[in-house]
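Shown next, in structure tokens, is the structure this report addresses.
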Amino acid sequence: MKNKHKALVKSAQRCLATTACVALMAVSFGNLPALAQKVKTPKSNVKTARQDVSPESVWVEQTLKNLTLRERIGQMIVVGALGEYKNVNSEKFADIKKQILANKVGGFVFYRGDALELAAMTNEMQRVAKVPLLMAADFERGLPMQIKSGTSFTHNMGIAAAGDPQAAYRKGRIIAEEMRALGINWLYGPVSDVANNPGNTMVNVRSYGEDAQKTAEFVAAEVRGLKDGGVLSTAKHFPGHGDTPIDSHIFLPIINVKREHFSSVELAPFRAAIAAGLDSLMTAHIALPEITGDNVPASLSPQINNDLIRKELKFDGIITTDSLGMGAIIKNYKGTEGAVRAIKAGADVALLPPDPKGTIDATQAAVVRGEIPREQIDASVRRLLRAKYRVGLANPKARTVDLNAVNRIVEKPENVRFANELAERSMTLFRNEKNVLPLNANQAQNTLFIIVAGDEDPDQGNVFKTAIETRVKNASVRRVDRRTTEKEYNLLFDEAKKAETIVVAPFVKRAALKGTIALPNEEAEFMQRIVDLKKPVAVVAFGSPYQLQQFPKAKVYMAAWAVEDVAQNAAARAIFGETAITGRSPVSLPGFFKIGDGLQVGAIKRKEKDAKDTTEIFN
């Protein structure tokens, strides 16, 4: 009993000594008032004190302490940069240095360029910066969405058609690893909108589907993949941009949705993303009067940022706006008003404000006037600094990347192979009257292939054309686009009447500012004439699956889900029977098909090599 008493005394002494040590550490790290207050009570404060003086907390507080008010506001601004080659002493790079040194911005979002030049540029930018930079990109479906190199994936809707959420995890992990090789640490993805409006021109195939719970599974899986790959994730476009035909790049969409439906459908993927460890939410420029009581965009709404995100969803990660240069904002708010209102409403990041310096000036003035509490600015900057710490930026040696490692990490053969196979599994056959697909060797030789390019892209369909010509000697491949004349249409129609079988491939790319996901009228009318011919006609739709609405009588209809090279090669392999067609649709095609539909067809021959094209297709 005596020995037990001595042991208890010694244990208590060790506990008090530990507490005292932690308290001394807190004093040496700046004697933060809140921390000092907590250390006064030894009984329950050992754990709390240790948390408050964690390496992350210490770095965040020391970094914040060394920033002026203006520099803190600068941390909340993310500006754009082209990733193309720049000499570090050039005027082009001087513009970037100005944003870093004069405006003290917190991060950049990159467009265009290629892997090595982008990696070299992020290295130089991090060397220039006083506070390490967040480097972001819209690599939703892989690096080739913006730059020339990288593993290219089919769109999310195609991944969902393949049926396995684990594929979304691996996609996220691969994208993250390739991003980190370039020094980019923040992905603006995954798209977490539910595709519950077939007329939606902004989201469309970027969504994982129409079923909210299934979409939530894929979104959560991708978030986990991104996290394990070491980059920050962003669920967008909060609180759900799926149920509107209006593109917020052009106008402000107003979505009239009841609270119960909103909570169970639109919010479901975002809740799942948060539960999976989401780092940031991107607020959309959409109005929800039934939810907020006004027509203020969600990105500028205190009810969305504070009441919904912070209080109801209990999310304490980063809130970033969508681009503040989009039509929904600049057509309704002048100058820096949109950006300042977004920050005032609770945004941590003003993304791509048209006037970065003016935004910093106006925000600082609003803080000085008392319109925006300084404590709110500090809370936002802490969130951003914590994110920077999590991706390793507190370590100066980890801020730059090894240029020699880029060509060992980007486009690993096994990753490219996985992306190709995923696109193959996404092919979805809705109709196949008389089993036209897949084509056997004799059929292929007597088939007319027609590419219908719905966009002003001279290279649209080139990979598909090459894939056909690789497989069919002297293949008859024709192409129509917006430049095709009436005479040319008529000549091609006469040729089509003589063919035994026709495969017609409409390409409809979803793109910002385009405002439509339909084929132009003349091309759609020509396609209808082809479909009406009394012979086997197979339609292979690249891009939006809803193209069926323009030629509803098509007797053979397959969705390829994307216009990108990876989908063109996968479609060719399916058409010629080199791969099984096993996709099941994650969306309904109203009036025609329901979620889960998709005919299952086996392969009939071995695979050929992929076709290549020297021109990348950008989104």
Side-chain angles (χ1 to χ4, degrees), residues 430-434 436-440 442-511 514-560 563 567-568 571-572 575-576 589 592 611 613 615 617:
F430 290 94
R431 289 178 184 158
N432 195 26
E433 190 173 300
K434 296 184 179 179
V436 172
L437 295 181
L439 301 176
N440 61 39
N442 289 333
Q443 276 180 297
Q445 202 62 53
N446 296 290
T447 295
L448 173 64
F449 299 89
I450 304 173
I451 294 167
V452 182
D455 299 286
E456 293 179 352
D457 179 352
D459 300 306
Q460 196 165 59
N462 277 3
V463 168
F464 187 58
K465 178 177 183 289
T466 304
I468 294 166
E469 292 170 341
T470 299
R471 291 164 170 84
V472 182
K473 187 177 181 180
N474 300 319
S476 298
V477 185
R478 308 290 181 257
R479 186 180 190 275
V480 298
D481 56 30
R482 296 187 182 195
R483 300 166 297 176
T484 302
T485 65
E486 184 178 355
K487 181 180 179 181
E488 289 169 331
Y489 275 125
N490 289 333
L491 287 171
L492 182 53
F493 186 69
D494 288 339
E495 185 179 358
K497 287 189 289 187
K498 299 172 186 175
E500 290 184 15
T501 305
I502 301 168
V503 172
V504 59
F507 282 73
V508 177
K509 180 181 179 181
R510 187 231 59 87
K514 186 180 174 186
T516 181
I517 49 169
L519 275 177
N521 289 337
E522 287 186 356
E523 293 170 48
E525 288 169 7
F526 173 73
M527 272 207 60
Q528 189 59 58
R529 291 171 67 194
I530 296 293
V531 166
D532 287 342
L533 287 171
K534 304 300 181 183
K535 61 180 62 191
V537 177
V539 176
V540 179
F542 289 93
S544 172
Y546 306 109
Q547 294 179 60
L548 183 60
Q549 295 171 334
Q550 290 186 280
F551 21 90
K553 295 178 183 178
K555 294 181 176 65
V556 181
Y557 186 75
M558 187 175 84
V563 302
Q568 293 183 51
I575 289 167
F576 293 104
L589 304 185
F592 304 106
D613 184 30
T615 305
I617 299 171

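Quick note: numbers below take in every heavy atom, side chains included, and nothing from hydrogens, waters or symmetry partners.
With sequence neighbours excluded, the residues forming a side chain to side chain donor-acceptor pair (under 3.5 Å) with Asp481 are Arg479, Arg483, listed by chain and number. Shown here are the side chain to side chain donor-acceptor pair (under 3.5 Å) partners of Gln528, two or more places apart in sequence or in another chain: Asp532. Judged as a side chain to side chain donor-acceptor pair (under 3.5 Å), and not counting sequence neighbours, the contacts of Arg478 are Glu495.
The closest side-chain heavy-atom distance from Met558 to Ile575 is below 4.5 Å. Contact annotation: the side chain of Pro545 approaches that of Leu589 to within less than 4.5 Å [non-hydrogen atoms, C-beta and beyond]. With contacts defined as side-chain heavy-atom distances shorter than 4.5 Å, the pair Met527/Val504 qualifies. Two residues are said to be in side-chain contact when any heavy atoms from C-beta on lie closer than 4.5 Å; Val472 and Gln443 fail this criterion. Residues Leu533 and Arg529 fail the side-chain proximity criterion, which asks for heavy atoms closer than 4.5 Å. Looking only at side-chain heavy atoms (C-beta outward), Phe526 and Thr484 stay at 4.5 Å or farther from each other.
Note on ring orientation: taking the six-membered ring where Trp is involved, the planes of Phe576 and Phe449 are tilted (angle from 30° to 60°).
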- Message: The test is side-chain contact (heavy atoms from CB on, under 4.5 Å); show your working for Val539 and Phe551 and say whether it passes.
- Response: CA-CA 9 Å; Val539 176; Phe551 21 90; 3.6 Å; yes
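Distance alone, capped at 3.5 Å, places no donor-acceptor pair between the Glu469 side chain and the Ala475 backbone. Checking side-chain atoms of Lys535 against main-chain N and O of Ala499 turns up a donor-acceptor pair under 3.5 Å. Distance alone, capped at 3.5 Å, is enough to place a donor-acceptor pair between the Gln550 side chain and the Leu519 backbone. Between the side chain of Arg471 and the backbone N or O of Ala467 there is at least one donor-acceptor pair closer than 3.5 Å. No donor-acceptor pair under 3.5 Å is formed between the side chain of Asn446 and the backbone N or O of Glu500. Lys434 places no side-chain N or O within donor-acceptor distance of the main-chain N or O of Lys555, the cut-off being under 3.5 Å.
Centroid-to-centroid, the aromatic rings of Phe592 and Tyr557 stay 6.0 Å apart or farther.
Considering all non-hydrogen atoms of both residues, Ile530 and Ala496 come closest at CD1-CB, 3.6 Å. Listed here is the closest heavy atom pair of Val508 and Ala518: CG1-N, 3.9 Å. Minimum heavy-atom separation, Val540 to Pro506: O-CD, 3.2 Å. Closest of all the heavy-atom pairs between Arg431 and Leu548 is NH1-CD1, 4.0 Å. The minimum heavy-atom distance linking Arg482 with Pro520 is given by the pair NE-CG, 3.6 Å.
Environment of CG in Asp494: crowded, with over 12 heavy atoms of neighbouring residues, nucleotides or ligands closer than 6.0 Å. Around CD of Glu456, the count of heavy atoms belonging to other residues, nucleotides or ligands within 6.0 Å does not exceed 12. For Glu522, the CD atom counts as loosely surrounded, since its 6.0 Å shell holds 12 or fewer non-hydrogen atoms of other residues, nucleotides or ligands.
Distance check, rounded to the nearest 0.5 Å: CD1 of Ile451 to CD1 of Ile468 gives 5.5 Å. Once rounded to the nearest 0.5 Å, the distance linking CG of Leu491 with CD of Glu486 reads 11.0 Å. Separating the CD1 atom in Ile450 from the CG atom in Leu492 is a distance of 4.5 Å, to the nearest 0.5 Å. To the nearest 0.5 Å, atom CG of residue Asp455 and atom CZ of residue Phe507 are 10.0 Å apart.
In this model, no donor atom of one side chain and acceptor atom of the other lie less than 3.5 Å apart for Gln547 and Ser544.
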